> 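Provided herewith is a single structure, encoded as structure tokens, for subsequent inquiry.
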Amino acid sequence: MLDIVPLQALKDNYIWTLRNATHAAVVDPGEARPVLEYLAREKLQLAAILATHHHPDHVGGIPQLLEKHRVPVYGPKGEPIATLTHPIAEGDSVRIPELGVTLSVLDIPGHTRAHVAYYGVESLFCGDTLFACGCGRLFEGTAEQMMSSLAKLAALPDATRVYCGHEYTLANIAFAQEVEPANAALAARLARDRRLRADGKPTLPSTLGEERATNPFLRCREPAVVDSANKYLGARISDPVRVFAAIREWKNRF
Ligand SMILES: [Zn+2]
């Protein structure tokens, strides 16, 4: 049976680990140590490494993992990741026979120029693009690109589990409440996720249904979000890309 386990890495990264009784694949190993320790403790063999984008906190552990495990390394064709053995892009799929899993690749540029997501087994591994109640910063892409990447992810089924790269949820919810103070689903999410963090548990995965109900970056057509963006800008805009750009900039300063 397939299980998906978070390994904590660096300050607030998660290395998502897909595993069965004998094998494991890891997504975005920013460090090798937590993965090597987990594999040894659970007596698992590494089957594959998947990277969503080139930032060191997502790929920094790959060289050390490859010293011990000769496995395929999947990652975006359009980004400088020296260790890739299988450069991929949208339309490709990643088959991990040891786990009986096939994931499809989606191009989701915006945070970086060729960021990808992996989707399958009702699960989405989306790195630093869609966060729980937030989204990644625009380092190498435009607001328009990020918005269409988020729209592509938001079109997946409600029950899709969202496995993103960082534990940023409580801070993201605090910002989302500034944008949409009257959103009752947000208040409920805050209460639940505070309890999870108080118990030392991840707030992830969330579901896409929850993200659509609470994530301001997926709600740029909601009147309350548009109003808040206008207050922030001191202007009157309604174009969703401009609303998105405004709340992304506001979040950067929050
Ligand atoms: Zn990143």
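Since we're looking at a predicted model, the values are computed, not measured. Just follow the structure's listing: the first ligand is 1, and inside any ligand the first atom is 1. For this chain, numbers begin at 1 and follow the sequence in order.
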> Are E79 and T112 close enough that a side-chain donor and a side-chain acceptor fall under 3.5 Å?
yes
> Around atom CZ of R113, are there more than 12 heavy atoms from other residues, nucleotides or ligands closer than 6.0 Å?
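No.
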> So for atom CD, which belongs to E42, do other residues, nucleotides or ligands contribute more than 12 heavy atoms lying within a distance under 6.0 Å?
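Above 12, so yes.
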> For H115 and D128, which I'm curious about, is there any donor-acceptor pair between the side chains at under 3.5 Å?
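No pair is found: no donor N or O on one side chain lies under 3.5 Å from an acceptor on the other.
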> Evaluate the ring planes of H166 and F131, with Trp represented by its six-membered ring, and classify them as parallel (under 30°), tilted (30 to 60°) or perpendicular (over 60°).
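Ring orientation of H166 relative to F131: perpendicular.
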> Does any part of the side chain of T52, heavy atoms only, come nearer than 4.5 Å to the side chain of C126, both counted from C-beta?
no
> Check the Zn ion (ligand 1) and write out every protein N, O or S atom at under 2.8 Å, as residue and atom.
H53 NE2, H55 ND1, H111 NE2, D128 OD2
